[in-house]
Each structure stands twice: as structure tokens, then as C-alpha cells.
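These figures come from a predicted structure and were not determined experimentally. The figures here come from the full heavy-atom set of this structure, side chains too, leaving out hydrogens, waters and symmetry mates. Throughout, numbering of the chain's residues begins at 1 and tracks the sequence.
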Amino acid sequence: YIVDHALMTPLKMFGLARGGDEARTLVENALTTVGLRPQDTLGRYPHQLSGGQRQRVMIARALLLKPRIILADEPVSMVDASLRSTILETLFKLRQEAGISLIYITHDITTAYQIADHVYVLYGGSVAEAGAAEEVISRPQHPYTKALIDAIPSPDPDVPWHLEEATEEKADEASIATVGCPYRPRCPHAMDVCAGEAPPLYRVEGHRAASCYIFRDGPTVSADELLSETP
């Protein structure tokens, strides 16, 4: 199928256009919004478009439904660095100008920093740390978040790039514990208490929390409570 099919289908399924002319106008507007020229996109097959163009076509397809929220799962994982900034800029503009909320799922913490207001760092399916993106990435509190930040290579070739020594020493052990703290096998701060129950989220400061017994003297908070407190 040509690109037009993927874009027209949601309009037909949900009855969002009263006719072919209106449908085409909606499609062209959506493509323009994500930085694509309709005349260079419509009528072509997906393999005739670049990876970045295909990603933006899918964003345009989502926009046709006039969503209040978009779930973007690794939207820049299969495009080169030169296109990532374009796609991220598109998503950022949608959030800023169209008021569309964005849930951005990624393994790339640097792009999360660029696009997100608030970050939830997951490990083993559980929230390890949560808070404002600027604070979490500039001052990580959970050992796993710190390891993620340490793993980001520096642009300075004289600055060593390495993970925590404890991570390398325990590489032969299971990376995710099934009992207690999920990060325990790799954590340089693991204690006896970590082998018992999984730690709850402890409020570190303000709207920040970390699931680590290092902060067990502080109050606990749920992820839902943190989300409701988001400014």
C-alpha cells in the first residue's frame, strides 16, 4: 500500500471526514504539521521514504485522530543522529503548541532529557527514581540512575568512560533480582535489607523519589501521588 492508505484509514474508520476532499485536506495539514511536504510524500510507497520521513508519517497519522495524549515508544531508535533532532523537535512542538501530552518511552536518557519535563526511570519493571528531568539527570539519587548517567560518553576524549566497578564485578550474576530490590545484584550499595522486600518509593525532596533503602529514614510516596503533584 502507498502512504496515503495508512493516513486515510483512521479517517474512514472513525468517520472524521465528510468526503474525499476533506480527508485529503486533513492529511495534507497533518503532514505539514510534522514538517513533510504533502506533494513529496503522498502517492509514494513506504520504502521510497527515509526512516525519518516514515517516523513523521506515523506521527501525522496519530495527529489525524486529534489526540489529547500520544504514547511514543522509541520514536527515534531506528533513525540516524541527524534525523533524531528533527523528530524530537516535531514532538516538542506538538506538546508546546498543540497542547498534546506526550509519554515518551526510551532507553536513551539523553533524548529523554531533551524532550521530557518529568522522568520515571524503570528497572526490572519497577520505578527506580522519579522527578523533574533536570533534577533526576543532573543529580541522580538511585544507584541505577547514577550508573545510567555514568555510562553516557563524554565529548572530551580525555575523560574516562566506564560503568561502576561493582557492575563489572557482578556481571556474571543475574542482572535483575526476583526477590527484594531488583537492582540488588548490580548495586554497589546493596545491604542485607535489600534481599528482603522490594523497597518502596521514598521521597527524596520535593517531587522527587527513589526506590532505594538508602533513603529509608524518609517518608514513602506512591508513583500516583507523585504524578498528581506534578506542577
Side-chain angles (χ1 to χ4, degrees), residues 69 71-77 88 91 95 101-156 159-231:
I69 185 169
L71 176 63
D73 189 352
E74 297 285 10
V76 296
S77 62
L88 291 174
L91 292 172
R95 188 168 65 87
S101 296
L102 181 68
I103 297 178
Y104 181 72
I105 302 172
T106 183
H107 287 85
D108 187 347
I109 200 166
T110 56
T111 60
Y113 176 75
Q114 289 177 305
I115 201 169
D117 289 328
H118 299 272
V119 170
Y120 284 76
V121 179
L122 303 181
Y123 187 83
S126 300
V127 177
E129 183 167 354
E134 175 70 31
E135 296 177 352
V136 170
I137 294 172
S138 63
R139 295 185 295 107
Q141 299 298 309
H142 193 280
Y144 175 57
T145 312
K146 292 180 180 179
L148 286 178
I149 303 302
D150 289 342
I152 299 174
S154 169
D156 185 349
V159 176
W161 173 34
H162 59 272
L163 297 175
E164 295 182 49
E165 293 181 2
T167 301
E168 297 179 358
E169 292 173 359
K170 301 182 180 182
D172 59 335
E173 299 183 32
S175 60
I176 301 176
T178 56
V179 178
C181 175
Y183 191 60
R184 176 170 52 86
R186 300 174 59 188
C187 183
H189 307 291
M191 302 173 283
D192 291 341
V193 66
C194 303
E197 294 184 4
L201 277 171
Y202 292 100
R203 191 184 295 276
V204 178
E205 58 183 14
H207 301 294
R208 293 193 62 189
S211 177
C212 182
Y213 282 118
I214 292 175
F215 306 103
R216 61 186 180 277
D217 292 334
T220 61
V221 62
S222 70
D224 287 341
E225 288 177 306
L226 281 177
L227 190 60
S228 67
E229 295 172 359
T230 300

Atom CG of residue position D73 - does it have more than 12 heavy atoms of other residues, nucleotides or ligands inside 6.0 Å? yes
Does CD in E197 sit with more than 12 non-hydrogen atoms of other residues, nucleotides or ligands closer than 6.0 Å? no
Does [X] reach the main-chain N or O of [Y] with its side chain, forming a donor-acceptor pair under 3.5 Å?
| X | Y | answer |
| --- | --- | --- |
| R184 | A198 | no |
| E225 | S222 | yes |
| E129 | Q141 | yes |

Can you give me the closest heavy-atom contact between [X] and [Y], atom names plus distance?
| X | Y | answer |
| --- | --- | --- |
| M191 | Y213 | CE-CB, 3.7 Å |
| L91 | P75 | CD1-CG, 4.0 Å |
| V179 | G196 | CG1-O, 3.7 Å |
| Y123 | P182 | CE2-O, 3.4 Å |

Side-chain contact, heavy-atom cut-off 4.5 Å: L226 with R203? yes
Is the shortest side-chain heavy-atom distance between P199 and C181 below 4.5 Å? yes
Residue pair Y183, H142: steps toward the side chain to side chain contact (heavy atoms under 4.5 Å, CB included) verdict: CA-CA 10 Å; Y183 191 60; H142 193 280; 4.1 Å; yes
Going by distance alone, is a donor N or O of one side chain under 3.5 Å from an acceptor N or O of the other, for T111 and Y104? yes
Residue pair E134 / Y113, side-chain donor-acceptor N/O under 3.5 Å: yes
May I have the step-by-step check of side chain to side chain contact (heavy atoms under 4.5 Å, CB included) for V121 and V127, ending in yes or no? CA-CA 6 Å; V121 179; V127 177; over 6 Å; no
Given L102, which of L71, I69, I115 fulfils the side chain to side chain contact (heavy atoms under 4.5 Å, CB included) condition? I115
Identified side chain to side chain contact (heavy atoms under 4.5 Å, CB included) partner of P140 from the options T145, I109, D150, L148: T145
